[in-house]
Protein chains: 2
Amino acid sequence: MAALADVSISTASKALNGSGRMSVETRERVKKVALEVGFRPNALARGLITKRSFTIGLLTNDTYGRFTLPVMAGISEELVGHGVSVFLCAIEDDPERARVHVDAMLDKSVDGIIASGKRLDRQLPVDLSGLSVPVVYAFTKGAADGVTLRSDDEQGARLAARCLIDAGCQRIVHVTGPKTFQSVRERADAYRTAIDGPPEVLHGIWAEAWGHEAVAQLWDRGGEKPDGIFCGNDQIARGVVDGLRERGVRVPEDVAVVGFDNWEIVAAQTRPPLTTVDMNLRTLGREAGRLILAMSEGREVQSGIRKLPCSLVVRQSCRGLETSA
Amino acid sequence: MAALADVSISTASKALNGSGRMSVETRERVKKVALEVGFRPNALARGLITKRSFTIGLLTNDTYGRFTLPVMAGISEELVGHGVSVFLCAIEDDPERARVHVDAMLDKSVDGIIASGKRLDRQLPVDLSGLSVPVVYAFTKGAADGVTLRSDDEQGARLAARCLIDAGCQRIVHVTGPKTFQSVRERADAYRTAIDGPPEVLHGIWAEAWGHEAVAQLWDRGGEKPDGIFCGNDQIARGVVDGLRERGVRVPEDVAVVGFDNWEIVAAQTRPPLTTVDMNLRTLGREAGRLILAMSEGREVQSGIRKLPCSLVVRQSCRGLETSA
DNA sequence: TGTCGATGAGAAAACCTTTTCTCTTAGACC
DNA sequence: GGTCTAAGAGAAAAGGTTTTCTCATCGACA
């Protein structure tokens, strides 16, 4: 203990924490010695008394981490500077597992819990309301009176539509996922109001195969062909682009394509690379970290749903106007 | 405190922990009351005295979580039953960040650290030897005297080669990643000794584009064409399959293809779906969890490198013999 | 010179368990 | 009946901090 090396014991604590009254000289001396001997206050003991463990839990049902990993990165980025570490708990839509993990976190007196997931209109299979610790919902459906962070899918869809319009598309079709997803409906609605011509929305599953299939439907029927396709996610977009190429349709010259998610793995490997909407999940994670920190420090934060803006990542499948890049 | 509800205070602890001497009746009664009032022993206080925090850290530089997520799932699966939670620390090859995270974990008295990564022949940018807590290296290069878990890439490559041979391939080519990767060399070596004909290994980058390119090289030159291609990972395999399809070569009828990694996102979406080698990272994670738990409980575990077997996931790009499925 | 206030620093309580030690009581054996 | 042993249960210490309270000293002001 640094106390031995210098003067007292409780004084040392005050010196290190900048609390209490004491001469500048004493304070500096203690700090110096502490640094020299590499003194590390025991976080457990500290937590026992301060009621803060400098620990938060991230609960998610997103197995592949496609959405959770960026969120996690943002949270960690925001919190590590404050000495806060993050427990990651992956529960596969299994209420039992969720319960066990939440219990384990509560046992460890986490300062807060961030709930995350893979879709915005489904709750995690565990009730987090009424817990003794603050909860923030990030990219998952939250409790009615909770604080929730989500992407602004309508604004994102507008960005996509705008990009296609700017690229000169006259006849834009929207190929997207199942209508049961709220974000699918939101994006479709935004698309409908954003484009000039008559809207056309094709619903299917979240897979490349559906992208292919959609192209087949659109091109095998008679009538005018689209010159722009806004896809519900990057996997569908990839299927669409591949389907178009196989038919000898050039992207983006003949048909421009915009995806959604900016899932690098897919978007960057597509030929040509996809122009797509990024939900800025890392930023969303940072915000979640900021909020949970504030709440755990007792600061009041306004409950409700906050929508964070998406941004457009321009690659080659739709270039828009040069000026809009 | 449950003590009030019943009898004593220190007796309660003994009752709940199964230690000390007392009548069966007392013990049961205490347990019952504890359950009723939902008593949760404070893990911080417990940790302070037992020197165990029931907490471990997972350090990784694998940003996309492609390898770390399955490992993490395995670790968590193994440990959650023992009440152990996992700190996930993503350090992007940044020594500074690594240092900060490790310090934060040590402050919190983690019971152990599992180091993980994205390749087997690179160390994490931080020295974990000489720490006061046990360390297990899982899917990353470990310290010389540490305990390390890795996949058996040679055995995995043999599985792939065997599958192609069983499918009747006579002329098998290996299209893989950069020679600088140790696992690339190991897989290539195993491939060379496993096949009957003369080996041919094409090195490139870990991307679909390289798969395309390799097909172009193989098909645009004169001479005999391969009838089997073993790819260094699933992304390359996907590029290869796409390249073949574009040339009108049928998979698996004309050419059978086997990938590596079993990265569902890629392998299952390829047309046809990829037969590929799975490194069983989840199992590897479980094993890492088992080991770190043993070490944190003071049990001795043998140091050195342990190779865990891969397995073959048969889809449609190479069917092998019916009997070998 | 005496009193008051401010300033610096230590003593001790508190946080919540676990664990060791001690005490009491009852039963058994001589 | 007395002594010894074992069993059951509580008292108290320990674990490492933070924080409140108390104490001592010194300067200033009356």
Side-chain angles (χ1 to χ4, degrees), chain A residues 1-35 37-55 83-84 103-111 132-133 296-298, chain B residues 1-35 37-55 83-84 103-111 132-133 296-298:
Chain A
M1 175 50 164
L4 300 180
D6 276 74
V7 280
S8 62
I9 173 159
S10 54
T11 308
S13 169
K14 287 182 272 194
L16 265 15
N17 295 321
S19 60
R21 296 176 314 199
M22 60 205 309
S23 67
V24 181
E25 179 207 314
T26 308
R27 177 152 288 160
E28 288 309 318
R29 184 158 41 94
V30 173
K31 281 186 179 175
K32 184 160 152 283
V33 173
L35 198 65
V37 303
F39 173 70
R40 309 187 144 283
N42 181 316
L44 269 53
R46 160 180 278 169
L48 192 55
I49 188 126
T50 61
K51 307 289 182 197
R52 288 198 56 194
S53 60
F54 290 90
T55 276
V84 177
D103 282 352
M105 295 196 296
L106 292 179
D107 278 347
K108 279 157 196 129
S109 325
V110 289
D111 296 335
S132 52
V133 298
S296 73
E297 287 171 348
Chain B
M1 176 50 164
L4 301 180
D6 275 74
V7 280
S8 61
I9 174 159
S10 54
T11 309
S13 170
K14 288 182 272 193
L16 264 17
N17 295 322
S19 62
R21 296 176 315 200
M22 60 204 309
S23 67
V24 180
E25 178 207 313
T26 308
R27 176 152 289 160
E28 288 309 316
R29 184 158 40 94
V30 173
K31 282 186 180 175
K32 182 160 153 285
V33 173
L35 198 66
V37 303
F39 172 70
R40 310 186 145 285
N42 181 318
L44 269 52
R46 160 180 278 170
L48 192 55
I49 188 126
T50 61
K51 307 288 181 198
R52 287 198 56 193
S53 61
F54 290 91
T55 277
V84 176
D103 282 353
M105 293 196 297
L106 292 178
D107 278 346
K108 282 160 193 124
S109 325
V110 289
D111 296 335
S132 53
V133 298
S296 73
E297 287 172 349

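Sequence lines set the chain letters: A, B, ... in the order given, protein chains first and strands last, and positions in each chain run from 1.
- For D:dG10, one of the phosphate oxygens OP1 or OP2 lies less than 4.0 angstrom from a side-chain nitrogen or oxygen of B:Thr11.
- Residue-level contact check: B:Arg40 touches the backbone only, with heavy atoms under 4.0 Å from sugar-phosphate atoms and none from bases.
- Of the inter-residue distances, the one linking A:Ser23 atom OG with A:Arg29 atom CZ reads 7.0 Å to the nearest 0.5 angstrom.
- Look at B:Asn42 and you won't find any side-chain N or O under 4.0 angstrom from OP1 or OP2 of C:dC15.
- B:Leu16 has its side chain within reach of B:Phe39: a pair of non-hydrogen atoms, C-beta onward, lies under 4.5 Å apart.
- Whole-Å rounding puts the B:Lys51 NZ to C:dT19 P distance at 12 Å.
- For the atom pair B:Arg21 CZ and B:Arg27 CZ, the distance stands at 11.5 Å (nearest 0.5 Å).
- Distances shorter than 4.0 Å separate some side-chain N or O of A:Ser13 from OP1 or OP2 on D:dT18.
- Distance CD1 (B:Ile49) to P (D:dG16): 9 Å, rounded to an integer number of Å.
- The distance from atom CZ of B:Arg52 to atom P of C:dT19 is 12 Å, rounded to the nearest whole Å.
- One can place CZ of A:Arg46 at 14 Å from C1' of C:dC15, the figure rounded to the nearest angstrom.
- The separation between A:Lys108 atom NZ and C:dC15 atom P is 23 Å, rounded to whole Å.
- Toward the 5' end of DNA chain D, the nearer of the two residues B:Ala45 and B:Arg27, judged by each one's closest nucleotide, is B:Arg27.
- Side-chain atoms of A:Lys14 stay outside donor-acceptor range of the base of C:dG8, with no qualifying N/O pair under 3.5 Å.
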Can you give me the N/O atom pairs linking the protein to nucleotides 5-8 of chain D at distances under 3.5 Å, or say none if there are none?
residue	atom	partner	partner atom	Å
D:dA7	N7	B:Arg21	NH2	3.3
D:dG8	N7	B:Arg21	NH2	3.0
D:dG8	O6	B:Arg21	NH2	3.1

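- Per the geometry, CD1 belonging to A:Ile9 stands 11 Å off P belonging to D:dT18, to the nearest Å.
- Applying the side chain to side chain donor-acceptor pair (under 3.5 Å) rule to pairs touching residues 42-52 of chain B yields B:Asn17-B:Arg46, sequence neighbours excluded.
- Computed from coordinates, the A:Asn17 CG to D:dG16 C1' distance equals 13 Å when rounded to whole Å.
- In this structure a side-chain-to-backbone donor-acceptor pair under 3.5 Å is present from B:Ser53 to B:Ser109.
- With a 4.5 Å cut-off on side-chain heavy atoms, B:Thr55 and A:Lys108 count as touching.
- The shortest side-chain heavy-atom distance between A:Asp103 and B:Arg40 falls under the 4.5 Å cut-off.
- One can place CG of B:Leu16 at 13 Å from P of C:dT19, the figure rounded to the nearest angstrom.
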